[in-house]
Amino acid sequence: MGVYDNLNIPYSQYLDHHGQLHETCSDYTSDAKNLINFYKIMLRTRVFDQKAINLQRTGKLGTYASSLGQEAIGVALGAAMHANDVLAPTYRDYAVQLSRGIKMSDLLLYWGGDERGMDYEFSREDLPICVPIATHTCHAVGIAYAMKLRKQPRVMVCIIGDGATSKGDFYEALNAAGVWQLPVIFIINNNQWAISLPRDKQSATKTLAQKAVAAEIYAEQVDGNDVIACYERMHEFIERARTGGGPCLLEAISYRLSDHTTADDAQRYRSPADVEAQWQFDPISRLKTYLLENQFIDAEALDALQKQAEQEVEEQVKIYLNTATQPPEAMFDYLYETLPEALQSQRDEVMRKGKKHE
Amino acid sequence: MSETNLVEAVNKALAWELDHDKDVVLLGEDIGLNGGVFRATDGLQSKFGEQRVIDTPLAETLIVGMAVGLASQGIRAVVEIQFMGFIYSTIDNMISHATRMRNRTRGRLTCPMVLRAPYGGGIHAPEHHSESTEAIFAHMPGIRVVIPSSPLRAYGLLLASIRDPDPVVFLEPKRIYRLQKESIEEAGVALPLDVCFTLREGDDITLVSWGAMVHETLQAAEKLAEQNISAEVIDVATIKPLDMKTILASVEKTGRCVIVHEAARTCGVGSEIAAQLAEFGLTFLLAPVQRVSGYDTIMPLYRLENYYMPSVEQILSAANAALEYA
Ligand SMILES: Cc1ncc(C[n+]2csc(CCOP(=O)(O)OP(=O)(O)O)c2C)c(N)n1
Ligand SMILES: [Mg+2]
């Protein structure tokens, strides 16, 4: 075991699953206002998530990947990042996307089969979600390289899943980030599953964080369902990178409480009892307990937050449902800056096809 | 005999071969307990064990690289890539190793592997889950690209692909995974590779297609028949190497040809067929060869995908253009 000891991967947890605090918080997370804000965005994310699943079930949305139980990671990250930092998210990162001002109606448009859902109004340098697993890790290296080249005090953040850490892209990205000491943070949302493959069959390593050690990149683990610990570690990592401290990796340990996507049936490969048992670690209820027990908020105000979230989601869903489908020739839009002459006849063809269907 | 849809036919072919050839091994993501995201490998791990039906880590470069290694040892590695959209990192291994192992070693080592993947649009799938990029593989020397269009052909052609001594890319049109059932005799009888299947005979026009579009093409032929036009329908099935003999013989008879594919038009396999018709069939062509295909665009997200996909009406209007040509 000496080998593992040498790897020295610290693990942090501030708020345990009973809502008890075990560490001293920074000024930021001592402030009730900030904690309530964490709570609020986690709640918004969850209400949004539930609604999206309902929309899918009633045929109003395509396949959807739920973020249930993993809200703390994204909310903490959203708070730790600056608006002009850049995010490279996966398809499960609504919490951080919402924190960064991306609209629910856009997220729905994307899963509703409309490219316009990737044209964000805010955080316009953020990459759209990445579906081909881990391919965005190398894009993150490129973006961080550009930041360093231009001597900007900005940080690149790339989120991936536990499964993504098996891919070559991930190791290639780590290696290069280490060589050039780039301002890039890799966050692993270790939700214990890559569709049906459990964490222990993904990698024989004791931690996923230790994969960074080989690239001489500093790495830690954190309780991914503890929004306070997530924030503290992410904030430190991001600010260190911003001031020239180089890349870091944070493995946030969480659990995928939902099916992989609405197209998946997780009961084929894991028991509902195991999932049920994971609910005790839910990130939202532990923060709620903490907020209530310390009188940072009362039950009435919590209720109001719930109602507010529901109302926001309803409004956003309305916007989504009222967004007219693009005309068929939109598939030729943004294909090039200027559509080449050679493609014009194909565009005409699809327009005629559209007219016939009207 | 049992009534079987296309994805079940794939499962049955895999099961037969695992059962009858101890050198067959399956590998891919979520193919074990989960039975593959489309259930193509449902029940196979429990029957044949974790060592022969391998749930791999999430790493396509590994999966196909490993298949090349296994195959060089004579293990018939049958790989499942979850969706064609995630196949592209395997291209390095396919083009640099799988396709040329035999050639580089002058036959000392070979690569009897199969690369399976569901492909194509029309099921309202998310981004990267609907493309038809078979031409990328068809362009590689030293490879076979096989696409079934019915349960019977899926069964027989997959058996042939696994038994083939060279690498085969076996693409499964997922839109028709559950469209139709056929009775399949589970006797392990393969169908021939490298030949087209003439699904309907006719004298007036030849309609050439493969994969899911074969069904729209057959519907178009049916509609033409109502107008007393007899269309011959050819399912290419093996798109590399191409059985031009069958296509040319048909066009020699009809003089007119429409090629239908879901993939983008430019450098689609239709381009090769049209080129060969021009090279070897010019004298008996009575009209320009027509192509009905997807557009040269990014496959749109699902709201517009039906506009992308060729329709029966498009096939009919291409057929009419060919028929009306003086
Ligand atoms: C390169 C690639 N291969 C396969 C897939 C299909 N797929 C989608 S999600 C997924 C599992 C990803 O697991 P993980 O990285 O742990 O992320 P999670 O979904 O758990 O958030 C797979 C295999 C893909 N999207 N990209
Ligand atoms: Mg995961």
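In what follows, chains carry the letters A, B, and so on, assigned in the order in which the sequence lines appear, proteins first and then strands, with residues in each chain numbered from 1. Source: prediction; values computed, not measured.
For the atom pair OG1 (B:Thr297) and OH (A:Tyr334), the distance works out to 15.5 Å, reported to the nearest 0.5 Å.
Side-chain atoms of A:Lys353 and B:Glu313, non-hydrogen and from C-beta on, never get closer than 4.5 Å to each other. The side-chain heavy atoms of A:Met118 and B:Glu127, taken from C-beta on, include a pair separated by under 4.5 Å. Side-chain atoms of B:Asp42 and A:Arg268, non-hydrogen and from C-beta on, do get closer than 4.5 Å to each other.
Only the side chain of A:Leu335 comes within contact range of chain B, judged by heavy atoms closer than 4.5 Å. Using a 4.5 Å cut-off between heavy atoms, B:Gln314 touches chain A through its side chain atoms alone. Neither the backbone nor the side chain of B:Glu305 comes within less than 4.5 Å of any heavy atom in chain A. Proximity to chain B involves both the backbone and the side chain of A:Leu197, based on heavy atoms less than 4.5 angstrom apart. Heavy-atom distances place both the backbone and the side chain of B:Ser311 under 4.5 Å from chain A. Residue B:Tyr295 touches chain A through both its backbone and its side chain, counting heavy-atom pairs closer than 4.5 Å. No part of B:Phe83 comes within reach of chain A, as not one of its non-hydrogen atoms sits under 4.5 angstrom from that chain. With a threshold of 4.5 angstrom between heavy atoms, A:Leu339 does not approach chain B through any atom at all. Contacts of B:Thr61 with chain A are absent, with no heavy-atom separation under 4.5 Å from either backbone or side chain. For chain A, the nearby parts of B:Ile298 are the backbone and the side chain; heavy atoms of each come within less than 4.5 Å. Heavy atoms of A:Tyr91 lying under 4.5 Å from chain B are absent altogether.
A donor-acceptor pair under 3.5 Å is absent between the side-chain atoms of A:Glu115 and the main chain of B:Pro300, judged by distance alone. A donor-acceptor pair is defined here as one N or O able to donate and one able to accept, closer than 3.5 Å; no such pair exists between the side chain of B:Arg303 and the backbone of A:Gln326. The backbone N or O of A:Ser196 lies less than 3.5 Å from a partner atom in the side chain of B:Asp30, making a donor-acceptor pair. Using modelled atom types, no side-chain atom of B:Tyr307 and backbone atom of A:Val350 make a donor-acceptor pair closer than 3.5 Å.
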- Between B:Phe86 and A:Ile133, is a side-chain contact (heavy atoms from CB on, under 4.5 Å) present by the stated rule, with each step listed? CA-CA 8 Å; B:Phe86 310 128; A:Ile133 301 293; over 6 Å; no
- Task: Give the intermediate values and the outcome of salt bridge (Lys or Arg N to Asp or Glu O under 4.0 Å) for residues A:Glu349 and B:Arg265.
- Result: CA-CA 13 Å; A:Glu349 221 176 277; B:Arg265 191 166 308 167; 3.0 Å; yes
- Message: Test side-chain contact (heavy atoms from CB on, under 4.5 Å) on A:Asp114 and B:Leu301; report intermediate values, then the result.
- Response: CA-CA 6 Å; A:Asp114 188 322; B:Leu301 293 188; 5.6 Å; no
- Message: Would B:Arg39 and A:Asp265 count as a salt bridge (Lys or Arg N to Asp or Glu O under 4.0 Å) here? Give the steps.
- Response: CA-CA 11 Å; B:Arg39 313 290 178 242; A:Asp265 173 12; 5.5 Å; no
- Walk me through it: do B:Asp55 and A:Lys201 pass the test side-chain contact (heavy atoms from CB on, under 4.5 Å)? CA-CA 8 Å; B:Asp55 261 328; A:Lys201 288 195 175 161; 5.7 Å; no
- Task: Please test A:Ile195 against B:Gln82 for side-chain contact (heavy atoms from CB on, under 4.5 Å), starting from the C-alpha separation and ending with a verdict.
- Result: CA-CA 11 Å; A:Ile195 308 187; B:Gln82 212 157 69; 3.4 Å; yes
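Chain A forms the most heavy-atom pairs under 4.5 Å with one residue out of B:Leu33, B:Asn306, B:Asn34, and that residue is B:Asn34. Across A:Gly62, A:Gly168, A:Gly112, A:Gly163, the residue that shares the most heavy-atom pairs under 4.5 angstrom with chain B is A:Gly112. Residue with the most contacts toward chain B among A:His260, A:Gln346, A:Arg347, A:Arg352: A:Gln346 (heavy-atom pairs, distance under 4.5 Å). Your options are A:Ala194, A:Ala330, A:Ser166, and the one with the most heavy-atom pairs under 4.5 Å with chain B is A:Ser166.
When all heavy atoms are compared, the tightest approach of B:Leu304 to A:Met331 is O-CE, 3.8 Å. Nearest heavy-atom pair across B:His128 and A:Val131 is CD2-CB, 3.4 Å.
The environment of CD in B:Glu50 is sparse: at most 12 heavy-atom neighbours from other residues, nucleotides or ligands sit within 6.0 Å.
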